S.K.: 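Right, I'll just put the structure down here and ask away after.
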Number of protein chains: 2
Amino acid sequence: MKNHKARAERTDCEKCPLREIKKFRDFGPDELEFVSNFKKGELHTDPGATILVEGSNNPHIYTVLTGWGFRSKLLEDGRRQILNYIMPGDMIGLQGSIMGEMEHSVEALSAMTLCVFEREYMMKLYEKHPDLGYDITWIAATEERILDEHLVSVGRRTALERAAYLLAYLHQKATAVGLAQEECSDLSITQQHIADTLGLSIVHTNKTLRKLAQKDLIIWKERGCEVLNVKGLLQVAGWEGMPEKCRPLI
Amino acid sequence: MKNHKARAERTDCEKCPLREIKKFRDFGPDELEFVSNFKKGELHTDPGATILVEGSNNPHIYTVLTGWGFRSKLLEDGRRQILNYIMPGDMIGLQGSIMGEMEHSVEALSAMTLCVFEREYMMKLYEKHPDLGYDITWIAATEERILDEHLVSVGRRTALERAAYLLAYLHQKATAVGLAQEECSDLSITQQHIADTLGLSIVHTNKTLRKLAQKDLIIWKERGCEVLNVKGLLQVAGWEGMPEKCRPLI
DNA sequence: CGCGGTGTTGACAGGCTTCAAGCTGTGTGG
DNA sequence: CCACACAGCTTGAAGCCTGTCAACACCGCG
């Protein structure tokens with residue numbers, strides 16, 4: 001019975017709520033069993049918690065189960081760039097696993113639960129389940145694709161376009177995994193985060209967000225925003241939006 | 001004899017000049033044989049040639065054997081962002097292979113030769129050689145790391161810092177694979193390319209490069225620049241440089 | 001109550017873009 | 001041979017976008 005209780009503290013992979021979402025590809029029973037054994041535990045964090053630190057050496061890989069956060073890097077004088085956001089189904093720590101040392105930090109924006117995997121078992125995954133290995137490459141390549149898009153945004157779009165792009169991106173990403181309904185309303189974030197993502201100052205970010213609000217595309221609320229018109233945002237950004245593809249889930 | 005001549009047109013993987021470079025990890029004989037069969041041919045391009053087009057669906061994956069080029073994306077109105085540069089040992093087309101459609105273009109800056117692989121054999125690679133599968137994930141994760149760094153640069157560094165970062169990056173990357181000796185001199189590139197990488201206008205890029213030249217860090221020549229002082233560039237950029245790690249080569 | 005975090009706004013300065021013109025070297029065709 | 005076009009580089013001037021500084025409102029919290 002003790003064992004049973006210990007297991008009850010974690011979500012069984014067999015009952016993983018994320019697998020209910022049709023956006024994630026189906027697993028065979030043997031894959032499910034392997035991943036279930038691969039999973040070493042769960043990590044629960046508070047909002048604002050730092051999960052991984054730039055320069056550290058963490059022996060784990062994580063998959064987000066609930067909540068959301070972001071990856072970021074710092075320059076020596078404190079300037080911060082937010083690289084991407086992480087939401088349920090996303091994997092973090094892969095870079096650290098492969099490069100040895102984390103090259104970026106990860107922070108939670110809400111309370112989060114993460115599935116914990118051991119780096120060391122990575123090689124076994126590739127040996128026993130080539131399709132899962134392919135999935136991990138898929139995940140890395142997709143993250144790369146998103147970063148490409150962000151780089152275009154920061155490099156070549158105007159402040160208004162960038163902001164519209166980011167909010168549309170977050171909205172699409174969140175709704176795809178059920179983090180938000182039609183609105184971004186329950187996604188807690190400050191304008192400082194937005195600014196550090198867009199590569200803008202906080203003052204100009206504020207003024208830019210107000211312009212989007214004036215166009216009735218969003219409503220900024222305390223620590224977050226509600227998206228009123230995704231299509232409008234996409235149009236302002238000059239962006240097609242993300243392809244709705246089936247994706248793997250480790 | 002005909003066969004022999006036909007084979008002579010391509011570089012045998014067993015005699016691949018890149019494998020001489022100690023920066024690339026050693027291959028076992030069975031890995032070498034597999035990759036050798038995986039390789040379907042070679043592609044030779046002129047300077048300025050477009051190798052992959054955004055939105056197209058190309059059934060190949062490539063590894064750069066000689067020369068260099070870049071990946072880029074366009075906005076609808078023609079604004080261009082260069083995402084990263086490709087040099088010997090780099091793999092391109094992986095995203096297309098996994099996402100189906102290319103989300104960026106690839107152009108040659110010099111004459112190039114590329115090893116051609118078939119997408120379809122990818123899965124077999126994962127099945128037969130898990131370590132090669134892991135290598136491909138390694139490559140994708142590393143590209144992601146570089147993009148993180150570029151994003152920090154474009155988002156948070158000043159024009160001067162950005163330019164210094166980029167030139168130091170290119171210099172390090174090129175010397176690591178023997179593309180350049182101590183100078184970048186034989187790397188042909190225009191200031192328009194630099195501008196599209198940094199997210200700056202060409203006019204301001206020109207003025208920024210002159211500032212670097214005034215500091216005796218570089219000398220701009222016709223279609224390219226010579227790096228006089230890498231450490232100085234790194235210092236201006238506030239960047240540590242790239243870790244000199246052993247890397248895989250497919 | 002004071003305090004810190006967040007959001008808002010105005011004024012001003014400066015970095016960067018745009019416009020415009022001119023220079024150089026290369027190639028093409030008369 | 002020269003004229004011409006073109007691509008790349010350079011420079012100056014004007015103006016806008018964005019950053020910085022500063023002040024204030026609001027809110028939750030100790």
Side-chain angles (χ1 to χ4, degrees), chain A residues 46-49 75 77-82 107-110 153-167 184-185 187-214 218-226 236, chain B residues 46-49 70 75 77-82 107 109-110 153-167 184-185 187-214 218-226 236:
Chain A
D46 292 328
L75 293 180
D77 60 1
R79 281 174 285 178
R80 178 175 72 169
Q81 178 66 41
I82 293 182
E107 265 179 62
L109 283 166
S110 68
S153 214
V154 175
R156 284 304 182 206
R157 279 195 246 252
T158 66
L160 194 71
E161 289 169 344
R162 272 185 242 184
Y165 161 76
L166 176 62
L167 295 178
C184 265
S185 39
L187 296 183
S188 171
I189 191 173
T190 69
Q191 296 189 354
Q192 182 68 63
H193 291 121
I194 306 274
D196 286 345
T197 312
L198 302 180
L200 297 171
S201 72
I202 186 169
V203 174
H204 199 250
T205 299
N206 178 286
K207 287 167 182 168
T208 304
L209 289 174
R210 313 226 90 238
K211 278 187 193 167
L212 289 179
Q214 276 168 25
I218 63 163
I219 298 177
W220 187 267
K221 302 178 179 178
E222 191 83 9
R223 296 186 126 268
C225 83
E226 181 175 337
V236 169
Chain B
D46 290 330
F70 63 88
L75 292 181
D77 60 1
R79 281 174 285 179
R80 178 176 71 168
Q81 178 66 40
I82 293 182
E107 264 179 62
L109 283 167
S110 67
S153 214
V154 176
R156 285 305 183 204
R157 279 195 246 251
T158 66
L160 194 70
E161 290 169 343
R162 271 184 243 183
Y165 160 78
L166 176 62
L167 295 178
C184 263
S185 39
L187 296 183
S188 171
I189 190 173
T190 69
Q191 296 189 356
Q192 183 68 64
H193 292 120
I194 307 273
D196 285 345
T197 313
L198 302 179
L200 298 171
S201 72
I202 185 168
V203 174
H204 199 249
T205 298
N206 178 284
K207 288 167 182 168
T208 305
L209 289 174
R210 312 227 92 236
K211 279 187 192 169
L212 289 179
Q214 276 168 25
I218 63 164
I219 297 178
W220 187 267
K221 302 178 179 176
E222 192 86 6
R223 296 185 127 267
C225 82
E226 180 175 337
V236 169

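None of the values given here were measured: they were computed from a predicted structure. Here is the naming used below: chain letters follow the sequence lines, and residue numbers restart at 1 for every chain. The analysis underlying the following values was restricted to heavy atoms, covering all of them including side chains, and did not include hydrogens, waters or symmetry mates.
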S.K.: Counting side-chain heavy atoms from C-beta on, which of C:dG7, D:dT20, C:dA20 comes nearest to B:V203?
M.R.: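 In terms of side-chain proximity for B:V203, the closest of C:dG7, D:dT20, C:dA20 is C:dA20.
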S.K.: Can you tell me how far apart CG (A:N206) and OG (A:S201) are? Round to the nearest 0.5 Å.
M.R.: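 Those atoms lie 9.5 Å apart.
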S.K.: Starting from P on D:dG15, measure out to NE2 on B:H204 and report it in whole angstrom.
M.R.: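 In whole Å, D:dG15 P lies 18 Å from B:H204 NE2.
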S.K.: What integer distance in Å separates A:R156:CZ from D:dT18:C1'?
M.R.: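 For the pair A:R156 CZ and D:dT18 C1', the rounded distance is 16 Å.
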S.K.: Calculate the interatomic distance between B:L200 atom CG and D:dT18 atom C1'; express it in whole Å.
M.R.: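 It works out to 14 Å between those atoms.
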S.K.: Which residue lies toward the 5' end of DNA chain D, A:R162 or B:K207, if each is placed at its nearest nucleotide?
M.R.: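 It is B:K207, whose closest nucleotide lies nearer the 5' terminus.
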S.K.: Applying a 4.0 Å non-hydrogen cut-off, can you work out what B:S201 is touching in the nucleic acid: base, sugar-phosphate, or nothing?
M.R.: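 The answer is base, as B:S201 lies within the cut-off (heavy atoms under 4.0 Å) of a base atom.
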S.K.: Indicate, with a heavy-atom threshold strictly under 4.0 Å, whether B:I202 touches base, sugar-phosphate, or nothing.
M.R.: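 Nothing: the residue B:I202, judged by heavy atoms under 4.0 Å, touches no strand.
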S.K.: Between atom CZ of B:R223 and atom NE2 of B:H193, what is the distance when rounded to the nearest 0.5 Å?
M.R.: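 Answer rounded to 0.5 Å: 7.5 Å.
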S.K.: Check every strand shown and say whether A:G199 touches a base, only sugar-phosphate, or nothing at a heavy-atom separation below 4.0 Å.
M.R.: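 Sugar-phosphate only.
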S.K.: Side chain to side chain contact (heavy atoms under 4.5 Å, CB included), that's the test. Do A:R79 and B:T158 meet it? Break it down for me.
M.R.: CA-CA 11 Å; A:R79 281 174 285 178; B:T158 66; 4.1 Å; yes
S.K.: Quickly work out the A:K211 NZ to D:dT18 C1' distance and round it to whole Å.
M.R.: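 Atom-to-atom, A:K211 to D:dT18, this comes out as 10 Å.
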S.K.: CG of A:D196 to CZ of A:R80: how many Å apart, nearest 0.5 Å?
M.R.: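 Going from CG on A:D196 over to CZ on A:R80, the span is 4.5 Å.
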S.K.: With a 4.0 Å limit, can you tell me whether A:N206 has a side-chain N or O closer than that to the phosphate oxygens OP1/OP2 of C:dT8?
M.R.: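 For C:dT8, OP1/OP2 do have a side-chain N/O of A:N206 under 4.0 Å.
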S.K.: Rounding to a whole Å, what distance do you find between B:E161:CD and D:dG19:C1'?
M.R.: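 Taking atom C1' of D:dG19 as the reference, CD of B:E161 is at 14 Å.
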S.K.: Does a nitrogen or oxygen in the side chain of B:R210 sit under 4.0 Å from OP1 or OP2 of D:dT11?
M.R.: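 For D:dT11, OP1/OP2 do have a side-chain N/O of B:R210 under 4.0 Å.
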S.K.: Quickly work out the A:L209 CG to C:dT6 P distance and round it to whole Å.
M.R.: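 Roughly 15 Å, once rounded to whole Å.
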S.K.: Does B:Q191 make a side-chain N or O approach to OP1 or OP2 of D:dT10 shorter than 4.0 Å?
M.R.: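 For B:Q191, the contact criterion (side-chain N or O under 4.0 Å from OP1 or OP2 of D:dT10) is met.
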S.K.: Tell me the interatomic distance from A:Q192, atom CD, to C:dG4, atom P, rounded to whole angstroms.
M.R.: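 Rounding to the nearest Å, CD of A:Q192 and P of C:dG4 are 18 Å apart.
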S.K.: Starting from P on C:dG5, measure out to CD1 on A:I194 and report it in whole angstrom.
M.R.: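 Rounding to the nearest Å, CD1 of A:I194 and P of C:dG5 are 19 Å apart.
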S.K.: Do A:L209 and A:L167 have side-chain heavy atoms sitting under 4.5 Å apart?
M.R.: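 Result yes, sub-4.5 Å side-chain heavy-atom pair found.
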